[in-house]
Protein chains: 2
Amino acid sequence: MLAMPIPTTVCGLVDPLEDPVPGVGTYEDFNTIDWVREKSKDRDRHREITNKSRQSTVNLLHSVSDAFSGWLLMLLVGLLSGALAGGIDIAAHWMTAMKEGVCVVHFWYNHEHCCWASNETTFQERHHCPQWQSWAELITGTSEGAFAYIVNFLMYIFWALLFSFLAVALVRAFAPYACGSGIPEIKTILSGFIIRGYLGKWTLMIKIITLVLAVSSGLSLGKEGPLVHVACCCANILCHLFTKYRKNEAKRREVLSAAAAVGVSVAFGAPIGGVLFSLEEVSYYFPLKTLWRSFFAALVAAFTLRSINPFGNSQLVLFYVEFHAPWHLVELAPFILLGIFGGLWGALFIKANIAWCRRRKTTRLGHYPVMEVLVVTALTALIAYPNIYTRMSGAELISELFNDCSRLDSSQLCGYQQVSLCVGNTLPDRPAGPGLYTALWQLALALVFKMMITVITFGMKVPSGLFIPSMAVGAITGRLLGVGMEQLAYYNHDSIIFKGWCSQGADCITPGLYAMVGAAACLGGVTRMTVSLVVIMFELTGGLEYIVPLMAATMTSKWVADAFGREGIYEAHIRLNGYPFLEPKEEFEHSSLAVDVMRPRRSDPALAVLTQEGMTVGEVEALVESTHYSGFPVVVSQQSQRLVGFVLRRDLLISIDNGRKRQEGVVSSSQVVFTEHTPSQAPDAPPPLRLRGIMDLSPFTVTDHTPMDITVDIFRKLGLRQCLVTHNGRLLGIITKKDILKHMAQITNRDPDSILFN
Amino acid sequence: MLAMPIPTTVCGLVDPLEDPVPGVGTYEDFNTIDWVREKSKDRDRHREITNKSRQSTVNLLHSVSDAFSGWLLMLLVGLLSGALAGGIDIAAHWMTAMKEGVCVVHFWYNHEHCCWASNETTFQERHHCPQWQSWAELITGTSEGAFAYIVNFLMYIFWALLFSFLAVALVRAFAPYACGSGIPEIKTILSGFIIRGYLGKWTLMIKIITLVLAVSSGLSLGKEGPLVHVACCCANILCHLFTKYRKNEAKRREVLSAAAAVGVSVAFGAPIGGVLFSLEEVSYYFPLKTLWRSFFAALVAAFTLRSINPFGNSQLVLFYVEFHAPWHLVELAPFILLGIFGGLWGALFIKANIAWCRRRKTTRLGHYPVMEVLVVTALTALIAYPNIYTRMSGAELISELFNDCSRLDSSQLCGYQQVSLCVGNTLPDRPAGPGLYTALWQLALALVFKMMITVITFGMKVPSGLFIPSMAVGAITGRLLGVGMEQLAYYNHDSIIFKGWCSQGADCITPGLYAMVGAAACLGGVTRMTVSLVVIMFELTGGLEYIVPLMAATMTSKWVADAFGREGIYEAHIRLNGYPFLEPKEEFEHSSLAVDVMRPRRSDPALAVLTQEGMTVGEVEALVESTHYSGFPVVVSQQSQRLVGFVLRRDLLISIDNGRKRQEGVVSSSQVVFTEHTPSQAPDAPPPLRLRGIMDLSPFTVTDHTPMDITVDIFRKLGLRQCLVTHNGRLLGIITKKDILKHMAQITNRDPDSILFN
């Protein structure tokens with residue numbers, strides 16, 4: 001069966017003198033765009049503007065403004081995304097704090113601001129001040145005792161359930177596309193798929209509100225991934241201000257690629273890392289011009305965010321780390337261990353999460369999304385509340401784990417035994433005290449809890465990012481290993497391993513660095529990011545010296561995870577949802593030929609073709625009606641099968657309809673003519689319907705002997721939607737992107753019908 | 001006339017059971033490779049190894065070692081390049097110092113080491129110690145007076161002339177490819193051109209030696225660009241250790257792309273910047289796998305270099321800068337001014353340098369390269385010696401200009417009037433003193449001199465990089481402007497411009513930052529680098545806060561320079577040399593169709609084609625003899641002109657020759673058969689020569705109506721060498737890469753015959 005479902009645009013081929021029929025050259029929802037035609041269309045547009053610019057000053061100004069509109073758009077995207085990210089940060093902080101108490105003087109202050117504003121606090125006690133009252137204090141007047149604890153606990157659960165209910169209800173009611181992280185869909189959109197409304201204003205608004213709610217509800221999810229979606233929505237909406245980007249799907253995707261960079265830039269305060277993330281992870285078509293522009297937009301966004309200063313530390317980055325202790329070559333062994341852990345966790349997480357999501361899709365579980373969210377929220381709140389490391393937000397946890405103990409730090413994590421021999425500002429390795437042991441236990445429990453709950457949280461019908469939970473798992477593991485190494489070094493500083501570089505009283509092991517390496521390893525295992533991850537981490541620390549540990553861990557993590565399955569979490573979700581995504585990174589390894597993949601197969605009826613003359617309107621309509629193909633090749637004649645061009649179902653129907661309505665005398669017996677010159681016909685025949693204008697005169701062809709790896713390469717690099725197959729100059733069949741995806745699914749023993757869309 | 005000069009490989013199409021004829025599928029010198037076939041060949045190879053790996057443990061090990069050979073190769077490239085760069089640095093330092101004097105105790109110490117080794121020096125006087133004697137001291141016993149000055153001067157000129165003579169003589173005698181920066185040629189090679197020996201071991205050895213000599217001779221050139229060439233040579237030589245890379249031109253180019261990143265990484269100590277340089281500036285085909293590998297190689301190289309520690313400061317970077325003073329928004333105006341200057345200088349430099357190089361190419365000047373080098377060296381030495389800022393090496397000058405004045409600094413540049421009000425560690429803006437005025441004068445003279453001499457230096461027959469001279473011009477300008485701004489701020493701190501952010505006694509202006517921005521602007525104007533340049537500069541300072549000034553300047557510089565001509569210096573040199581380079585960044589703007597560009601033109605004789613059967617060996621030989629085309633389409637029959645495949649001249653000649661020698665009965669009257677089944681022929685006819693094996697069964701085709709912008713896109717993205725043109729299924733003509741380049745030259749009113757090679 002010949003499936004050719006994707007309409008292409010014919011722009012640049014329509015006679016410019018004729019007014020094109022409205023609707024010709026646009027796409028339907030859930031269809032794939034034709035990159036070659038879109039880019040050609042843009043070049044035509046550009047050429048026209050350039051030619052006109054010589055005629056008058058107004059046109060020249062238009063040409064200049066057109067050239068700079070891309071930069072202006074980038075500036076706007078950066079400003080808007082930075083501002084929105086800042087707003088989200090502030091709101092999420094405030095609402096997260098609200099679960100525990102309220103600022104009685106200024107209720108709109110969050111916990112930290114409340115106590116800053118009060119002058120009665122010292123630095124050590126910066127989290128306790130009379131202005132900030134827990135719910136127990138407000139309601140019962142005391143914050144001590146079991147009753148107060150229970151009141152606080154109940155209020156915590158109440159707020160958590162309220163927030164998560166609002167989040168899921170809003171998503172369901174107004175914008176179903178606002179759920180999830182959005183990165184799999186953005187990858188698919190960037191590869192040339194159309195999902196109307198996915199990047200629209202409703203999605204943006206609801207995503208922002210529900211993201212704040214979901215993060216504040218204490219669920220094990222992050223806001224970093226969804227920020228990419230938010231930035232892309234901003235970019236898509238702002239594209240409507242500029243004709244150049246509004247009307248051209250390929251140009252708009254350039255802007256969206258840059259917006260993905262902006263999203264990561266504001267999420268982590270890492271503009272270069274963001275650009276590399278866009279290049280490595282999400283983008284499909286990333287010309288150098290986009291590289292430069294996305295860098296600009298990412299910087300603008302990062303600085304906008306800094307001027308809003310939501311983290312309250314005047315730093316650009318989310319997790320500001322300031323340690324400069326060197327690491328020793330021996331430590332590469334634990335770093336690589338962390339990499340192995342990250343890889344294993346990544347592979348396991350993907351398998352478990354996909355299994356759970358498939359279950360949600362196929363069983364009755366999927367029919368009760370609100371109930372699911374409420375149950376998971378209640379479960380999370382119940383288990384998380386008693387443990388301080390799970391009660392605090394993921395970002396706070398990571399921040400605490402990344403940081404080193406300085407003497408001022410009153411955190412449990414720094415509950416070492418006090419040893420008096422301190423030299424200068426550095427703190428030597430010390431034996432663990434009871435505080436630290438408690439912290440380690442709590443961390444271990446938090447680790448198990450986070451690992452379990454994240455699997456069922458990611459994929460629920462609320463906005464949910466994976467970066468922070470994955471990093472939290474890695475950071476906890478890393479910190480545990482780091483403290484273990486530290487104690488090992490303290491008690492065995494004369495053993496072979498530590499001798500020579502770690503004498504007594506020296507600061508040799510930095511547990512914070514281990515946490516960082518662990519976080520990178522786990523995030524790498526889940527997403528399979530490599531360079532961009534290392535660069536993001538590099539931007540967090542600003543020190544080139546930690547690149548080697550980070551790289552060793554992410555590399556190991558990727559290799560280990562790849563051994564269990566080549567797909568990252570985003571690709572796995574793309575496949576789960578059946579999006580038509582042709583992975584640009586994977587090589588096509590099979591040795592089939594184009595003739596094995598093309599339709600019609602040997603047993604199928606012959607290819608449905610139009611002839612360039614001789615068919616009547618009625619015959620064409622009957623052919624179109626009797627098939628569901630999205631396009632038809634045009635040949636010289638049925639017996640020669642020499643290819644002339646390609647015409648799309650959508651364009652054909654619109655044009656015939658238009659011809660019947662507008663053009664006098666066009667009836668079912670009128671001839672349809674695709675040639676340049678009207679053929680001679682009987683004098684009493686009705687006037688012919690000339691359709692050369694809607695025919696694509698340069699369809700792509702390959703021969704039947706072309707190896708499929710080359711064909712796939714052509715599809716990927718040129719962004720094709722379909723390609724005709726010839727043998728010795730005769731038309732033989734057709735290959736569409738969907739045929740290729742089905743063929744690839746077949747090769748890997750998957751269900752070829754899992755590719756859902758056209 | 002049909003020109004189709006580039007042989008393609010037919011790998012993957014030869015029957016695997018037949019032993020391929022030796023020589024089939026390789027390239028001749030100065031030809032273009034076919035990326036599609038090369039990649040297909042590699043996939044075939046990979047598939048075979050993967051299939052075999054299931055058979056036995058040995059094969060499995062082979063498969064694993066094959067998978068990791070890329071990483072191993074990267075490691076080796078990083079180690080070797082880092083070590084060579086370290087060696088070059090040390091040798092160049094020593095020989096540069098030798099022009100002025102010698103270390104009498106350890107002659108193999110350079111100036112700095114000599115005085116470090118001596119314990120008698122203080123930090124202020126670290127450049128003066130009894131162990132280090134100038135030539136005057138050695139010869140006449142005194143370093144004072146006019147006579148000593150003249151002796152030193154003469155010795156300086158003597159060494160400079162000796163070094164430059166040796167450099168040019170060695171290049172001419174042993175490796176003519178060792179001259180220049182090598183980046184234009186590497187760009188061309190990476191785009192798929194073959195220049196045998198350009199990356200060979202002789203070129204590497206001679207380039208290293210002559211690079212040290214040329215840098216030491218005091219000519220206005222840098223070693224940073226040639227380091228890219230050195231790294232690429234290392235990579236190319238190391239490729240011979242691995243079959244995977246030795247035999248495949250496309251795979252080898254992936255390694256070379258990574259090597260370009262390594263080159264910049266060791267030149268500046270900026271691994272991330274190096275990777276982006278390779279991506280943005282030199283690479284043609286840069287898959288994500290290469291991104292990750294080149295990052296790895298760049299890091300290995302940077303750390304190898306650091307462990308050699310040639311800069312003597314334990315820092316990874318060439319120009320280590322440590323200032324953290326903030327900049328104010330008002331300062332963007334002078335930064336943009338620097339950008340404009342950089343753009344103007346870049347455009348002017350390119351025009352002047354190309355004019356001078358064209359003169360060298362076309363007039364008798366080019367016949368005396370040794371004399372030219374000696375004259376320029378003498379001129380440089382004569383003018384440079386009296387001025388300390390020109391006498392010192394370019395890298396030293398830039399380093400001095402980038403750094404801020406701290407109280408210890410005894411340099412003339414910090415000859416401010418002493419003002420007592422100093423708060424803490426920061427040094428407030430101070431009025432300029434006489435020392436600074438002298439320095440400014442000398443800098444202005446140095447600027448004029450550098451601008452002039454660089455134009456005639458770049459392109460001489462010695463290894464010469466452009467990065468350092470360009471940066472020096474910018475750094476001088478920036479420093480001058482910075483000091484000017486500083487004085488302006490000091491004397492007008494109450495004016496509107498400075499009020500509010502620059503009170504008296506504050507440190508508002510950092511002249512070192514201006515030097516840095518100026519350097520980036522000038523380098524950007526000359527090379528048109530953008531992101532990579534900003535990232536390199538970011539890695540030098542490690543502070544995200546200076547990215548905005550740097551970006552403003554490089555962006556302005558690129559726009560201003562682009563207004564005078566779209567080409568950077570490397571593209572201009574590529575065009576000057578007539579390399580067949582299809583610029584991947586520029587859009588093809590003209591509205592021609594494939595039929596306008598293809599050969600044969602309307603007035604030309606018909607396309608020379610072979611028929612799939614019916615031609616004799618003699619007829620084929622006659623056709624090949626009578627034309628000079630590199631390949632011939634094979635059609636079903638002369639009158640149908642339906643395309644079957646494409647066969648290369650080189651393969652055809654080799655196969656016929658082989659057939660005549662090896663296959664019994666093949667004579668001139670034997671039929672040449674390209675079909676699968678041998679046609680029936682008279683019983684007494686000689687046995688046919690079957691050549692289906694050497695025919696490419698999947699030639700690329702476009703229709704005659706395909707717009708040229710799409711065709712150019714296909715050529716670029718797929719890396720094609722030729723493409724056949726059809727009309728309604730009939731073969732019409734052919735388009736080669738050279739045809740496209742000629743067409744583009746014609747459009748821009750250049751001489752189409754300036755494209756020299758095939």
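Residue numbers start from 1 in every chain, and the chains themselves are labelled A, B, ... in the order their sequence lines are given, proteins ahead of strands.
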_With chain B as the partner, which of A/M551, A/H590, A/R47, A/H46 has the greatest number of non-hydrogen pairs under 4.5 Å?_
A/R47

*Top contributor to chain B interface from A/T530, A/T50, A/T703 [non-hydrogen pairs under 4.5 Å]*: A/T530

*With a 4.5 Å cut-off on heavy-atom pairs, point out which of B/H727, B/E280, B/M555 contacts chain A the most.*
B/M555

*Most heavy-atom pairs under 4.5 angstrom with chain B, which of A/K717, A/K39, A/Q641?*
A/K717

*Selection from B/T726, B/I710, B/L276 maximising heavy-atom pairs under 4.5 Å formed with chain A*: B/I710

*Using a cut-off of under 4.5 Å on heavy-atom pairs, state which of A/V36, A/I272, A/V636 scores highest against chain B.*
A/I272

Show which side-chain atoms of residues 286-302 of chain B pair as donor or acceptor with protein atoms under 3.5 Å away, not counting sequence neighbours.
| residue | atom | partner | partner atom | Å |
| --- | --- | --- | --- | --- |
| B/R293 | NH1 | B/Y245 | OH | 3.2 |
| B/S294 | OG | B/T290 | O | 2.7 |
| B/S294 | OG | B/L291 | O | 3.0 |

*Evaluate the criterion ring-ring contact (aromatic ring centres under 6.0 Å, His included) for residue pair A/W35 and A/F715; output intermediate values, then yes/no.*
CA-CA 10 Å; A/W35 286 89; A/F715 265 81; over 10 Å; no

_Set of residues satisfying side-chain contact (heavy atoms from CB on, under 4.5 Å) with respect to A/T675, sequence neighbours excluded_ = A/Q612, A/E613, A/V673, A/P679

*Looking only at atom types and distance, does a side-chain atom of B/R642 sit under 3.5 Å from a main-chain N or O of A/R730, one as donor and one as acceptor?*
no

*Return yes if some donor-acceptor pair links the side-chain N/O of B/S278 with the main-chain N/O of B/G274 below 3.5 Å, else return no.*
no

*In terms of heavy-atom proximity below 4.5 Å to chain B, should A/L731 be classed as side chain, backbone, both, or neither?*
neither

*asked:* Check this for me, if you would: do A/R37 and A/D696 make a salt bridge, where the nitrogen-to-carboxylate-oxygen distance has to be below 4.0 angstrom?
replied: yes

*With only heavy atoms counted, which part of B/V534 is less than 4.5 Å from chain A, the side chain, the backbone, both or neither?*
side chain

*Report yes or no: do A/S40 and A/R45 form a side-chain donor-acceptor pair below 3.5 Å?*
no

*Between A/L643, A/V531, A/T706, A/V644, which has the largest tally of heavy atom pairs under 4.5 Å with chain B?*
A/V531

*Could you look at A/L279 and say if it's the side chain, the backbone, both or neither that has a heavy atom under 4.5 Å from chain B?*
both

